[in-house]
There are 2 protein chains.
Amino acid sequence: MQNKLDKPAEGLGITAVERDTGLSKDILRVWERRYGFPLPARDHNGDRLYPPEQVDKLRLIRRLLDLGRRPSSVVTLDAGTLAAMLDSAATALAPEGDPDSATHDRLIELLRLQRSAELRIALHQLLLKHGLQRFVCDTVAPLNIRVGQAWMRGDIDVAEEHLYTEQVQNVLRSAIGAQAATDGRPRILLTTLPDELHALGLLMAEATLVPEGAVCVSLGTQTPITDICNAASSGDFDIVALSCSAAFPARSAIDGLNTLRAALPAAIELWAGGQAVQGKAARLPGVRVIADLPDALVALAEWRSAQRAAISRPRA
Amino acid sequence: MQNKLDKPAEGLGITAVERDTGLSKDILRVWERRYGFPLPARDHNGDRLYPPEQVDKLRLIRRLLDLGRRPSSVVTLDAGTLAAMLDSAATALAPEGDPDSATHDRLIELLRLQRSAELRIALHQLLLKHGLQRFVCDTVAPLNIRVGQAWMRGDIDVAEEHLYTEQVQNVLRSAIGAQAATDGRPRILLTTLPDELHALGLLMAEATLVPEGAVCVSLGTQTPITDICNAASSGDFDIVALSCSAAFPARSAIDGLNTLRAALPAAIELWAGGQAVQGKAARLPGVRVIADLPDALVALAEWRSAQRAAISRPRA
DNA sequence: TTTTGCATTTTGTCCTGGACAAATGTTGAC
DNA sequence: GTCAACATTTGTCCAGGACAAAATGCAAAA
């Protein structure tokens with residue numbers, strides 16, 4: 001029942017470190033046992049007290065883990081080496097030129113200063129200027145990468161990353177709400193596999209498809225497979241679209257998608273997008289793999305022309 | 001590394017129960033040790049496997065804890081008794097008549113069906129109809145109570161409660177964004193004490209004050225006291241307004257507020273709102289306790305007339 | 001009567017060190 | 001190159017002990 005109102009802090013408690021780094025208490029304790037790091041001081045009661053340097057290093061390690069490295073290969077390295085690894089990874093991540101680089105720099109700066117209202121207004125203006133679809137492709141998508149880089153570099157922390165997500169969601173939601181039809185075709189059920197979060201990706205897909213007259217219903221994240229099937233059948237949907245982010249293990253994604261494909265009526269198409277399924281089309285028979293947001297529009301056009309063909313030549 | 005993609009579930013694992021009930025793994029284990037409930041089955045590996053009935057009962061207990069009861073007084077009771085207690089508590093919570101009862105019923109129903117887009121649209125229409133301030137007082141505030149009741153009664157679950165918060169935030173944020181000035185007076189810094197969440201309360205306060213020409217900057221939740229002081233001084237603020245929800249221990253709130261009052265320049269007013277500080281004005285010298293949202297407008301008028309007096313009679 | 005101070009109980013969190021299975025990496029056969 | 005079998009790494013769970021913050025009850029003072 002410790003309640004640290006103000007933390008005079010020659011160190012942080014294990015709960016604070018869990019919040020700061022995203023590494024669970026169990027993880028922090030088991031690493032200490034296995035690798036000898038982190039090795040926190042103790043308060044009068046024997047509770048762990050992590051010095052700021054160790055917390056900083058844990059943050060670096062956390063970012064490298066997100067990039068796919070494994071704990072045993074990074075916990076023993078010193079902070080300088082870790083920072084160098086992150087730096088090279090960050091530059092490798094976005095080699096391609098970003099035409100609106102200056103604009104995006106300005107948005108990141110607003111985020112860094114936590115000026116949430118101004119960030120929202122700036123985003124909204126870009127939306128008005130370019131329209132919903134181009135806003136998602138040319139602004140939100142590159143910004144996601146930029147925010148990821150800034151977080152890796154330590155320029156922003158979790159709270160600011162969350163603030164970014166929230167403001168983008170606000171802007172996208174109101175835009176989608178303004179355009180939403182209730183009786184178009186196809187009807188698309190958007191969701192993710194269980195244990196997957198990644199709500200922003202779903203929203204970006206919705207923002208891309210809704211202006212084309214598709215009716216999108218988002219089932220939210222964390223939906224069990226059986227619930228997806230039930231909702232798809234009873235809601236008169238034409239397409240079920242899943243988003244599988246990189247954080248989700250690719251093998252589970254493939255298994256889950258094949259399970260879902262088998263459980264779903266053949267008349268309902270199954271689309272899958274996201275990092276976890278890229279290049280896995282061969283192992284996903286009957287699943288339309290979506291490469292990126294523009295490809296979702298291609299898939300939509302394909303569905304429509306297939307529908308037209310079926311109508312002009314019924315029961316061929 | 002258990003990853004339950006689909007849970008055939010003759011029971012839920014401890015992680016799933018933690019997510020479902022909001023009771024931490026430590027709590028679940030220590031209650032089992034102390035009170036003999038819950039007493040889950042075990043899988044082949046000795047891991048806890050909670051049968052659905054026990055999870056249901058845990059959910060009831062959780063709601064009663066939120067109402068202020070203590071674990072020892074409820075864990076031993078049977079499910080029927082718990083449900084009865086919740087029911088009487090729910091009816092006792094809102095004795096006063098709600099003039100827009102029917103409208104609010106409809107909104108709750110939309111929430112229960114997870115029709116998020118329609119909920120957002122309905123909220124937005126009410127906002128347009130009544131204006132921002134009345135919308136907050138007459139719609140959002142009673143709806144908060146209704147949602148709380150529905151959650152107690154088990155009509156809605158955590159996901160739906162979250163969805164409600166999100167949609168209300170969307171609507172309020174865009175309305176505030178549309179009205180926000182950048183150079184009015186007073187300049188108000190809105191935030192909460194560390195370890196307090198309650199973002200919706202802040203937003204409601206902002207929505208009440210912004211239409212009066214005040215400039216509100218929200219520092220977000222979880223801000224350390226020193227940071228509040230720095231931000232208040234360097235940002236040229238006239239007022240610092242804190243929100244302290246009922247979930248926050250009253251004693252900590254009083255201590256924190258007095259600390260903050262001492263640390264803050266005398267020229268900057270300190271306002272405190274929320275359940276935790278009601279009736280505690282006597283123990284908070286130099287702090288303006290805000291009773292409810294309309295009272296915030298009274299406080300604002302008082303500040304302005306005090307300012308006028310100071311200007312017409314400078315250096316009295 | 002209402003508040004204030006103190007003793008007692010309740011309660012949540014943290015601790016250690018062990019265990020195991022899922023995830024990942026590696027090797028070798030086809 | 002693909003796939004299976006094997007080895008290693010890694011996250012989560014377990015038990016049961018400990019302790020301090022929070023809540024409660026009760027006395028004395030205002």
Side-chain angles (χ1 to χ4, degrees), chain A residues 1-5 11-19 21-35 37 40-50 61-62 65 68-76 195 247-255 276 279-280 282-283, chain B residues 1-5 11-19 21-37 39-50 61-62 64-65 67-76 195 247-255 276 279-280 282-283:
Chain A
M1 284 191 179
Q2 293 80 333
N3 184 13
K4 292 119 188 174
L5 244 182
L12 300 179
I14 196 168
T15 307
V17 175
E18 177 180 40
R19 181 164 41 73
T21 65
L23 299 165
S24 76
K25 296 175 222 229
D26 269 330
I27 294 275
L28 290 169
R29 284 194 276 254
V30 90
W31 282 6
E32 183 178 339
R33 206 193 313 165
R34 285 181 185 155
Y35 314 119
F37 180 88
R42 300 298 179 124
D43 69 5
H44 71 100
N45 188 36
D47 287 12
R48 289 172 174 78
L49 216 59
Y50 294 85
I61 292 173
R62 172 62 209 274
L65 290 189
R69 305 205 83 102
R70 307 194 68 191
S72 58
S73 73
V74 286
V75 278
T76 53
D195 291 342
F248 197 62
R251 180 55 182 273
S252 304
I254 292 172
D255 288 352
K280 302 290 192 300
R283 309 223 209 135
Chain B
M1 284 188 180
Q2 292 81 330
N3 183 12
K4 292 118 189 172
L5 243 181
L12 299 180
I14 195 168
T15 306
V17 176
E18 177 181 39
R19 182 164 40 72
T21 63
L23 300 165
S24 75
K25 296 176 225 232
D26 269 328
I27 294 274
L28 290 169
R29 285 194 276 254
V30 90
W31 281 5
E32 183 177 338
R33 209 195 309 167
R34 286 184 183 150
Y35 315 118
F37 181 88
L39 204 56
R42 300 297 179 127
D43 68 7
H44 70 101
N45 188 37
D47 286 11
R48 288 171 175 79
L49 217 60
Y50 294 85
I61 292 173
R62 172 62 209 274
L64 284 167
L65 290 190
L67 258 81
R69 305 205 85 99
R70 308 196 66 191
S72 59
S73 73
V74 287
V75 279
T76 53
D195 292 341
F248 197 63
R251 180 55 183 272
S252 304
I254 292 172
D255 288 352
K280 301 292 192 298
R283 307 223 211 139

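In the text below, chain A, chain B and the rest are named by the order of the sequence lines, each starting its count at 1. No hydrogens, no waters, no symmetry mates; every other heavy atom, side chains included, goes into these values.
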Can you tell me how far [atom2] of [N] sits from [atom1] of [X], to the nearest Å?
X: A/L28; N: D/dT12; atom1: CG; atom2: C1'; answer: 14 Å
X: B/E18; N: D/dG11; atom1: CD; atom2: C1'; answer: 14 Å
X: A/R70; N: C/dA23; atom1: CZ; atom2: P; answer: 12 Å
X: A/H44; N: C/dC14; atom1: NE2; atom2: P; answer: 13 Å
X: A/N45; N: C/dG12; atom1: CG; atom2: P; answer: 18 Å
X: B/L12; N: D/dT12; atom1: CG; atom2: C1'; answer: 17 Å
X: A/R19; N: C/dT13; atom1: CZ; atom2: C1'; answer: 15 Å
X: B/L49; N: D/dC13; atom1: CG; atom2: P; answer: 12 Å

Counting only side-chain nitrogens and oxygens, does [X] get under 4.0 Å of the OP1 or OP2 atom of [N]?
X: B/Y35; N: C/dT10; answer: no
X: A/S24; N: D/dT12; answer: yes
X: B/W31; N: C/dG12; answer: yes
X: A/K25; N: C/dT13; answer: no
X: A/S72; N: D/dT8; answer: no

I'd like to check [X] versus [Y] (side-chain heavy atoms, cut-off strictly below 4.5 Å). Are they in contact?
X: A/D47; Y: A/I14; result: no
X: B/W31; Y: B/R29; result: no
X: A/R62; Y: A/L23; result: yes
X: A/V17; Y: A/L28; result: yes

- Might you point out which heavy atoms bring B/P40 and B/L49 nearest each other, and give the distance in Å?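 Taking every non-hydrogen atom into account, CB-O, 3.6 Å.
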- Item | Nearest non-hydrogen partners of B/P71 and B/Y35, listed with the distance |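 Closest approach of B/P71 to B/Y35, heavy atoms only: CB-OH, 4.1 Å.
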- Task: Sequence neighbours left out, what passes side chain to side chain contact (heavy atoms under 4.5 Å, CB included) with A/E18? Give chain and number order.
- Result: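 Expected list: A/S24, A/K25.
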Heteroatom pairs (N/O) under 3.5 angstrom, protein to nucleotides 15-17 of chain D:
from, atom 1, to, atom 2, distance (Å)
D/dA15, OP1, B/R42, NH1, 3.2
D/dA15, OP1, B/R42, NH2, 2.9
D/dA15, OP2, B/R48, NH1, 3.0
D/dA15, OP2, B/R48, NH2, 2.4
D/dG16, N7, B/R33, NH2, 3.0
D/dG17, N7, B/R33, NH1, 2.8
D/dG17, O6, B/R33, NH2, 3.3

- Message: Let me check the geometry of the helix from C/dG5-D/dC26 to C/dC30-D/dG1. What is the bend angle between the axes at its two ends, five pairs each, to 10°?
- Response: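 Between the axes fitted at each end of the helix from C/dG5-D/dC26 to C/dC30-D/dG1 lies an angle of 40°.
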- Query: Out of curiosity, B/R70 CZ to B/L65 CG, how far, rounded to the nearest 0.5 Å?
  - Reply: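 Spacing of CZ (B/R70) from CG (B/L65) equals 10.0 Å.
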- Nearest 0.5 Å, what's the CZ-CG distance between B/R19 and B/L12?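 It is 8.5 Å, given to the nearest 0.5 Å.
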